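Before I ask anything, let me first share the structure, which is written out below as structure tokens.
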Amino acid sequence: KTEYRSGQSNVIGDFYIPVLSHAVKYKRAVGFFSSTALIQIAKGISELVANGGKIQLIVSPRLSKEDIIAIKTGYEDRDAIISTAIMREFKEPKNYFDSERLNMLATLIANDRLDIKVAFTEDQNQFGIY
């Protein structure tokens with residue numbers, strides 16, 4: 001298709017997963033980021049990683065506390081990642097979904113498959129979305 005729109009197309013199933021499955025690089029700038037989005041496209045991401053690929057994101061600073069911890073942990077452990085050590089760094093996840101979501105984020109960063117940069121603008125000493 002020439003365009004994919006939420007509500008009109010299955011953007012995840014028809015676009016992201018098939019494209020990421022064949023990709024070696026995924027670069028995106030997003031106004032809002034949540035690690036929940038990574039779970040939705042996990043099949044495509046796993047194939048991108050198997051292809052030797054890498055993800056680069058620029059995000060706005062409105063991250064959840066859990067996302068910030070997972071991102072920080074991933075960068076701290078990039079050189080020597082052990083998944084059980086990563087999980088010890090987190091507060092106890094509320095459920096299985098939270099555990100897997102945060103583990104995926106930290107593991108992708110630690111294995112040099114994901115880089116996240118935070119962008120923001122300042123307007124009269126207030127932070128805003130870029």
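Along the sequence shown, residues are numbered consecutively beginning with 1. Since we're looking at a predicted model, the values are computed, not measured.
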Within one Ile-Leu-Val-Met-Phe-Trp-Tyr cluster: Val19 and Leu38, side-chain cutoff 4.5 Å:
yes

Please identify each residue that fulfils side-chain contact (heavy atoms from CB on, under 4.5 Å) with Ser9, with sequence neighbours left out.
Lys1, Tyr4, Val11

Roughly how far, to the nearest 0.5 Å, is CZ of Arg28 from CG of Leu57?
8.5 Å

Would you confirm whether Arg113, through its side chain, and Ile55, through its main-chain N or O, come within 3.5 Å as a donor-acceptor pair?
no

Stepwise side chain to side chain contact (heavy atoms under 4.5 Å, CB included) test for Val24 and Lys54:
CA-CA 6 Å; Val24 292; Lys54 187 165 182 171; over 6 Å; no

Of all heavy-atom pairs linking Met104 and Ile39, the shortest is SD-CD1, 3.8 Å

How would you list, by chain and number, every residue that makes a side-chain contact (heavy atoms from CB on, under 4.5 Å) with Asn10, sequence neighbours excluded?
Ile12, Asp14

Under the side-chain contact (heavy atoms from CB on, under 4.5 Å) test against Leu114, which residue among Ile109, Val49, Ile45, Thr107 passes?
Ile109

Treat each ILVMFWY residue as a node, draw an edge where side-chain heavy atoms are under 4.5 Å apart, and state whether Leu48 and Val30 are in one component.
yes

Identify, with sequence neighbours excluded, every residue that meets side-chain contact (heavy atoms from CB on, under 4.5 Å) alongside Lys43.
Ile17, Glu47

Val59 and Ile116 have their tightest heavy-atom pair at CG2-CG2, 3.8 Å

Is there a donor-acceptor pair under 3.5 Å between the side chain of Asn51 and the backbone N or O of Ala23?
yes

Give the C-alpha distance, both sets of side-chain angles, the deciding distance and a yes or no for side chain to side chain contact (heavy atoms under 4.5 Å, CB included) between Ile71 and Leu105.
CA-CA 7 Å; Ile71 291 166; Leu105 179 63; 3.8 Å; yes

Just to verify, what does Gln8 make a side chain to side chain donor-acceptor pair (under 3.5 Å) with, not counting sequence neighbours?
none

